[in-house]
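Heads up, the thing below is written out as structure tokens.
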Amino acid sequence: MLNTDNNLNLNQNSNGVNEKFLNPYNPQETEKKQYQLWEESGFFNPDNLPERHKKPFTIIMPPPNANGSLHAGHALFVTLEDLMIRYKRMQGFKTLWLPGADHAGFETQVVYEKKLEKEGKSRFKMDPKELYDEIMQFTLHNKSFMENQVRSLGASCDWSREKFTLEPEIVRTVNETFKKLSADGLLYRGKRLVNWCSKHQTSLSELETEGVEKEDKFYTFQYGPFQIGTTRPETKFGDKYVVMHPDDERYKEYEHKQKIDLEWINGPITATIIKDEAVDMEFGTGAMTITPWHDTADFEIAQRHNLEYEQIIDFYGKLLPIAGPEFEGKNITVAREEIVKKLDKKGLLVKVEENFNHNVKICYKCNRPIEPQIKAQWFIKTESLAQKALEAVEKGEVKFITKRHKKIFKHWLENIHDWNISRQIIWGIPIPAKICTKCGEGMVDLDNSISKCSKCGGEVKEDIDTFDTWFSSGQWPFATLDFPEGEDFKNFYPTDVMETGHDILFFWVARMVMLGIYRTGKSPFKDIYLHGLVRDAHGKKMSKSKGNVVNPLELSEKYGTDALRMSLLVGNTPGNDMNLSEDKIRAYKKFANKLWNVSRFVLDNTKDLGEIDLNDERLKSLSRSKIELQNLQKITSDITKDLDNFQFHIASEKIYHYIWHEFADKIIEEAKDKLDEIETQLMLLEILQTCLKTLHPFMPFITEEIWESMPIKNKKLLLIEEWSK
RNA sequence: GGGCGAUUAGCUCAGUUGGUAGAGCAGCGCAUUUACACUGCGAAGGUCGGGGGUUCAAAUCCCUCAUCGCCCACCA
């Protein structure tokens, strides 16, 4: 299947140019071969790098979710991180790029549930253990698939150190953090209002919900002497508090905590008047009733005044017995109109306004409205953690490449809420805790040794919830380096660059900084490079429903990985979204071809030199005298500066421009008249080898392939060649 | 309700300390025994969203307006 002529031992070309250069550049063949050579060389592993590689440079790879194929965003991060790693490796750093795979708790469970649904099954009818094992199989299968995709994008990461988020060592670290948080008083189990998704049957963090504008009917009801407005009549069964602003002149005759009798949905009730400043006097009538169990704002009011809470809606979105026999068990979506009808009949409906615009929270996965519910969950007190993270940013221990993200980051940390880390899903790390069946007390229990409640002595049961994925992945940088005792932790922590998508700045980056400092005392990384979203050619967000999703592997198959990589680098500024079009990739395929032909020309016309030594005195004196070589030096030094400043979009364009419009268009054209001069030949070879080195981090495959044919003595892999100074 | 980003050639985007506007694609013209048709070369194309200001000089700094997009926020 392989064309052996193109594969082996074509380095010595005493009788003319390599045969392989007679054909156009063939990325598919080259890429497989070169990746294998790199991997077998062992140089992806920092321990195997030559002596000169001393100072560590580390990137922890954002572990891709092991639940599907890679998308364009993955191709982008692999390209950016591989660029940095290859550049630093050539510069002589002891580079570690640590790959991983994420079980991606809720994400994967959602993917798997969809699969189950298609097969007519439901997770709620399955044995939890069986379900877990099935998802594990599914994940491990995808994991190896995903790893090969990362390979084919050219990632020079150390596979020997690869970590999976559900490995025992990772789980141990995560559990210990949980315990430490508890010991330090930063963890509590509280009955708090959580974002409940009735479809997925789990609570979600603030970040896992989305706010959307929605038009609803706005109802005004007569509630005793008051008129109260609502968009959610179905929650009103339990409303027995009517709240107004203490300064509202209209209601000054009523006193705080005053009781009044009134007629309501299912008959007469006694309501209590509450005065609270949270009420907006300008809105509606300035009076409202509250449903503390199902509304965040109401919950806070209720807490302030020590009011009673009642659950109206169950966890499946159905009304509870409190709604009375007429409504009990009905789905809230159908009950709403019926309740309005009933109130109307009783003469309590004042008016209905159509098209009332308001914000509602929805589940970011299924877009169903979130039903706030009170539930006992584990919460992390985030304030002190956030404080430390802010200090690290202030002191410059963590730097943002895109300064606007520093602002966004700080703003979020300054307004942080406590973090609910309990999830009611099976696919994840089980929370190592016991819950008292009597008083509800939660106790952290890593070694399964607690058998009765520490507070009331009651029976305990295991907590069946799992951790929010981000709680464990927030510890990724130190967990993967075998914190606290491992050699890797001592050598490679803190890491150097965190490169990831700006969409997970809060989800992940902020949590890593907080938890990293909390566990290790140091920020887990020094520089944060955030990339934007990869959009389609016209700036539209890629989505399966729109059918504009591109598969990076198909593109790399079609145009070559190097071309794909260049198209993701040129003109892509840090932090900003980018558009990816096939036209652009095609342009860099042409560039690869151009370089291929340049190399053919140079190699074909420098045969007289034989094999030369890179330290050849002739090259050195040439560098001092030739204007072309001085210009080249200027270019490479500019590019070095750009790379150091994370200006990859500029660096990539510079090398592209130089090779095509300087080297090929001018230098080679002018050299054609004096090809018989040794000096000319030396110059061409020198420029070519410098171009290959400089271009290697951007386009690793073709440069290594050409390098293989360079007539250079004691040649190493280009992968570990020295970066041109 | 706050905050942020964008607005540059027909399209998609670069342009990091202010110094006569750049790339890819599309379109136009020329070139076919050559390193390269998976091509080369050349030309064309922009009052840098509007208005105002600072400056010898502004796409770049400041103010303001407009349109689009994103993020954050417990207003029934």
Side-chain angles (χ1 to χ4, degrees), chain A residues 17 21-27 193 206-207 210-211 216 218-220 228-232 235-236 239 242-243 278-291 295-301 356 358-359 361 372 401-405 407-408 411-412 414-415 417 502-503 505-506 532-533 535-539 541 559-560 563 566-567 570-605 641-642 645-647 649-650 652-654 656-657 660-661 664-665 668-669 671-672 675 684:
Chain A
V17 75
F21 283 104
L22 297 176
N23 299 316
Y25 174 58
N26 180 341
L193 207 65
E206 284 306 313
L207 291 172
E210 267 171 42
D216 271 314
F218 187 75
Y219 306 92
T220 304
I228 54 125
T230 185
T231 53
R232 302 200 59 194
T235 64
K236 294 290 142 192
D239 289 13
V242 57
V243 191
V279 178
D280 180 358
M281 288 189 270
E282 310 291 313
F283 188 88
T285 60
M288 65 176 193
T289 61
I290 57 167
T291 316
D295 186 280
T296 322
D298 296 359
F299 178 80
E300 283 177 15
I301 292 171
F356 175 74
H358 65 147
N359 284 324
K361 272 191 201 171
I401 307 309
T402 41
K403 56 183 186 304
R404 73 168 186 276
H405 287 113
K407 272 194 227 164
I408 299 173
H411 181 260
W412 190 76
E414 282 159 2
N415 297 286
H417 298 284
H502 68 56
D503 53 330
L505 176 60
F506 306 139
L533 210 62
R535 297 168 177 277
D536 78 2
H538 294 282
K541 198 168 170 172
Y559 300 103
M566 272 308 260
S567 72
V570 178
N572 179 12
T573 45
N576 292 327
D577 291 354
M578 70 164 306
N579 298 351
L580 181 63
S581 67
E582 284 204 39
D583 280 344
K584 192 173 176 191
I585 307 170
R586 198 178 297 121
Y588 295 105
K589 179 181 160 63
K590 285 185 184 176
F591 175 58
N593 188 54
K594 187 74 181 176
L595 175 66
W596 189 250
N597 287 311
V598 163
S599 305
R600 175 198 300 178
F601 180 84
V602 172
L603 292 176
D604 211 13
N605 289 290
K641 228 175 277 166
D642 291 333
N645 294 326
F646 300 92
Q647 300 295 308
H649 60 296
I650 294 179
S652 52
E653 191 162 349
K654 270 184 194 153
Y656 168 88
H657 195 266
W660 202 313
H661 300 297
D665 286 0
I668 287 185
E669 288 307 318
K672 279 180 178 170
L675 279 172
L684 291 178

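Order of the sequence lines sets the chain letters (A, B, ...), proteins ahead of strands, with each chain counted from 1.
Between the C1' atoms of rU12(B) and rA57(B), the separation comes to 31 Å (whole Å). Between rC25(B) and rC38(B), the distance separating the two C1' atoms is 16 Å to the nearest Å. Going from the C1' atom of rG42(B) to that of rC4(B) covers 44 Å, rounded to whole Å. Nucleotides rG22(B) and rC61(B), compared at atom C1', are 22 Å apart to the nearest Å. Rounded to a whole angstrom, the distance from the C1' atom of rG15(B) to that of rA58(B) is 14 Å. For rU55(B) and rG5(B), the C1' atoms lie 28 Å apart once the distance is rounded to whole Å.
The environment of Glu282(A) atom CD is sparse: at most 12 non-hydrogen atoms of other residues, nucleotides or ligands sit within 6.0 angstrom.
Pairing partner, rU54(B): none, since no Watson-Crick or wobble contact has both distances short of 3.5 Å.
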Spell out protein contact along nucleotides 1-8 of chain B as letters: B when the base is contacted, S when just the sugar-phosphate is, - when no protein heavy atom is under 4.0 Å; keep the 5' to 3' order.
---SS---
Sugar-phosphate atoms are those with a prime plus P, OP1 and OP2; base atoms are the rest. Using that split, label each nucleotide of nucleotides 21-31 of chain B B, S or - for protein heavy atoms under 4.0 Å, 5' to 3'.
--SSS------
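Close to rA14(B), at under 4.0 Å from its OP1 or OP2, lies a side-chain N or O of Thr573(A).
The distance from the CG atom of Asp604(A) to the CG atom of Leu22(A) is 8.5 Å, given to the nearest 0.5 Å.
Nearer the 5' end of RNA chain B, as judged by each residue's closest nucleotide, is the contact made by Leu580(A), out of Leu580(A) and Glu206(A).
Taking the side-chain contact (heavy atoms from CB on, under 4.5 Å) definition, one finds that Asp503(A) meets it with nothing, sequence neighbours left out.
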